[in-house]
Amino acid sequence: MGKNVILETIAREMKTGVLVLDKAGQALYANPFFLNSFPFKGAIDGKKVNEIIQNVNLLKNIEGFLNNRGGKSSDIEISDGGRFFNVHIVPIKEKGDFSLLLFLQDITEEKKVETIKKDFVANVSHELRTPLASIKGYSETLLDGGMDDKETLKEFLRVIDRHATRMARLIDDLLILSRLESHQMAIISAPVELNDLIFTTTKGFEKQARDKGIAISAEIPDDLPKVMGDRDRLEQVVVNLLDNAIKYTHSGGSVTVKAKREDGGVRVDITDTGMGIPSGDIPRIFERFYRVDKARSRELGGTGLGLAIVKHIIQGHNGKLFVESTPGKGSTFSFLLKSGA
Ligand SMILES: Nc1ncnc2c1ncn2[C@@H]1O[C@H](COP(=O)(O)OP(=O)(O)OP(=O)(O)O)[C@@H](O)[C@H]1O
Ligand SMILES: [Mg+2]
């Protein structure tokens, strides 16, 4: 097989853009990946580089190489039409002649991951700093003489305890999420009786609901089929959804859990008559740390991880998750699971 055929095939199939320029800055060759990354009309043959590339930064670099007839190969990062590229520029010299090779790599995904990581660290630090600052403030006041008064001591210790509990919960939630995301937490698939799970979980929330003046009830048919899944994880889903339903419903409202057969599986609806969620926020509420009203949610002790955990668990069960909500009227969070043997 001819070397040229092999080289051409490589250039055609590779997921790196290649552009070759001559010493006058005219295009000699571009592979399909390059052409698709920098769309322009017609053939590139004979065109000047500034007719092909609009990116000012990249053009300036290329012109530098052309003017100097050489230089050290270098890398520059550019963005074009919402995508990010790394361009590796390599000058080649041969017998007084000169050309420039450009290798273009799409690094949009890496950039995204980088941003998510940065945001994540910033969010976690912020969420931990808030309760920590309170713990520090209150304990300092106590040590500065506040503890001499028994009432103050008791009150401040309670605040410290509440913030410490919150930090512990945040760390627990982060660990659960990180295990779910790295697939370290295998979903145990065994038949689970949702009937029993929902009744027990709902019972666990009765006091919290009563204290807030909210009626809570569950309506589940006796002949509900079992679903395949991990009981503890599914319980976490119901706990997180019930916690939200109560948290975001005013006194005098109600929270209802219903389950029924649907699509050869089981569908669970958790309905509240609470504040609801604006439609623009709905697509984002399953993101980590996303809260519709940050100040309000934090006041209620929330960090915005509950629904991210719910989403991961339901996805891990190959189930479906839906939300319907009307601001001022209430919300229904539903999930659908396959039924088991
Ligand atoms: N039933 C609901 N009614 C109204 N808003 C809701 C409801 N459930 C969730 N939300 C909104 O979605 C956001 C994200 O919910 P999520 O459970 O992930 O976080 P959180 O409740 O704020 O904190 P956490 O669950 O970590 O304690 C909430 O802050 C709230 O704004
Ligand atoms: Mg929550």
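Order of appearance sets the numbers: ligands from 1, and atoms from 1 within every ligand. FYI, side chains are in, hydrogens and waters are out, and symmetry mates aren't considered; it's all heavy atoms of this structure.
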Q. Is there a heavy atom in Phe286 that sits closer than 4.0 Å to ligand 1?
A.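 So Phe286 does not count as touching ligand 1.
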Q | Sub-4.0 Å heavy-atom approach of Asn240 to ligand 1 | A |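 It does not, in that no heavy atom of Asn240 comes within the 4.0 Å cut-off of ligand 1.
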Contact between [X] and [Y] at the side-chain level, heavy atoms closer than 4.5 Å - yes or no?
X: Met228; Y: Lys338; answer: no
X: Lys23; Y: Arg69; answer: yes
X: Thr271; Y: Val255; answer: no
X: Ile53; Y: Leu19; answer: yes

Q: Begin with the C-alpha distance, continue with both residues' side-chain angles, and end with the deciding distance and a verdict on salt bridge (charged side-chain N to carboxylate O under 4.0 Å, His left out) for Lys260 and Asp223.
A: CA-CA 9 Å; Lys260 61 174 183 206; Asp223 62 344; over 6 Å; no
Q: Run the numbers on Leu224 and Glu193 for side-chain contact (heavy atoms from CB on, under 4.5 Å), then give the verdict.
A: CA-CA 8 Å; Leu224 200 68; Glu193 248 186 69; over 6 Å; no
Q.
Does Lys111 qualify as a cation-pi partner of Phe84, given the criterion of NZ or CZ under 6.0 Å from the six-membered ring centre and within 45 degrees of its axis?
A.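 Yes, Lys111 and Phe84 form such a contact.
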May I ask you to list the atoms of ligand 1 that are less than 4.0 angstrom from any heavy atom of [X]?
X: Tyr290; value: 13 (C), 14 (C)
X: Arg169; value: 24 (P), 26 (O), 27 (O)
X: Gly306; value: 16 (P), 17 (O), 18 (O), 24 (P), 25 (O), 26 (O)
X: Ile285; value: 12 (O), 14 (C)

Q: Using the test ring pair (Phe, Tyr, Trp, His ring centres under 6.0 Å), find all partners of Phe120 that sit at least two apart in sequence or belong to another chain.
A: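 Phe120 satisfies ring pair (Phe, Tyr, Trp, His ring centres under 6.0 Å) with Phe289 only.
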Which residue and heavy atom of the protein sit nearest [atom], plus the separation:
atom: atom 9 (C) of ligand 1; value: Asn244 ND2, 3.5 Å
atom: atom 22 (O) of ligand 1; value: Ser297 OG, 2.7 Å
atom: atom 26 (O) of ligand 1; value: Leu305 N, 2.9 Å
atom: atom 7 (C) of ligand 1; value: Tyr248 CD1, 3.5 Å
atom: atom 29 (O) of ligand 1; value: Arg291 CG, 3.1 Å

Could an N or O of ligand 1 be found under 3.5 Å from any N or O of [X], whether backbone or side chain?
X: Thr303; answer: yes
X: Gly304; answer: yes
X: Leu307; answer: yes
X: Asp243; answer: no
X: Lys247; answer: yes

**Q.** Region of Asp272 that comes within reach of ligand 1 [heavy atoms, distance under 4.0 Å]
**A.**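 The part of Asp272 near ligand 1 is the side chain, not the backbone.
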Q: Examine the proximity of ligand 1 to Ile277 and report which part, side chain or backbone, both or neither, has a heavy atom under 4.0 Å away.
A: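 Looking at Ile277 and ligand 1, just side chain atoms fall under 4.0 Å.
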Q: For the Mg ion (ligand 2), state how many protein N, O or S atoms fall inside a distance shorter than 2.8 Å.
A: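 Counting protein N, O and S atoms closer than 2.8 Å to the Mg ion (ligand 2) gives 1.
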Q | Pro32 versus Ala11, closest heavy-atom pair with distance | A |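 Minimum heavy-atom separation between Pro32 and Ala11: CD-O, 4.0 Å.
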Q | Smallest separation among heavy atoms of Thr256 and Glu219, with atom names | A |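 Looks like CG2-OE2, 3.9 Å.
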Between [Y] and [X], does any NZ, NE, NH1 or NH2 come within less than 4.0 Å of an OD or OE carboxylate oxygen?
X: Glu181; Y: Arg288; value: yes
X: Glu151; Y: Lys154; value: no
X: Asp119; Y: Lys117; value: no
X: Lys112; Y: Glu109; value: yes

Q | Spacing of CD1 belonging to Ile270 relative to CZ belonging to Phe335, to within rounding of 0.5 Å | A |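 Between atom CD1 of Ile270 and atom CZ of Phe335 there are 6.0 Å.
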**Q.** Nearest candidate to atom 31 (O) of ligand 1, where distance is taken over non-hydrogen atoms, out of Thr249, Val255, Ile309, Val292
**A.**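 Heavy atom nearest to atom 31 (O) of ligand 1 belongs to Val292.
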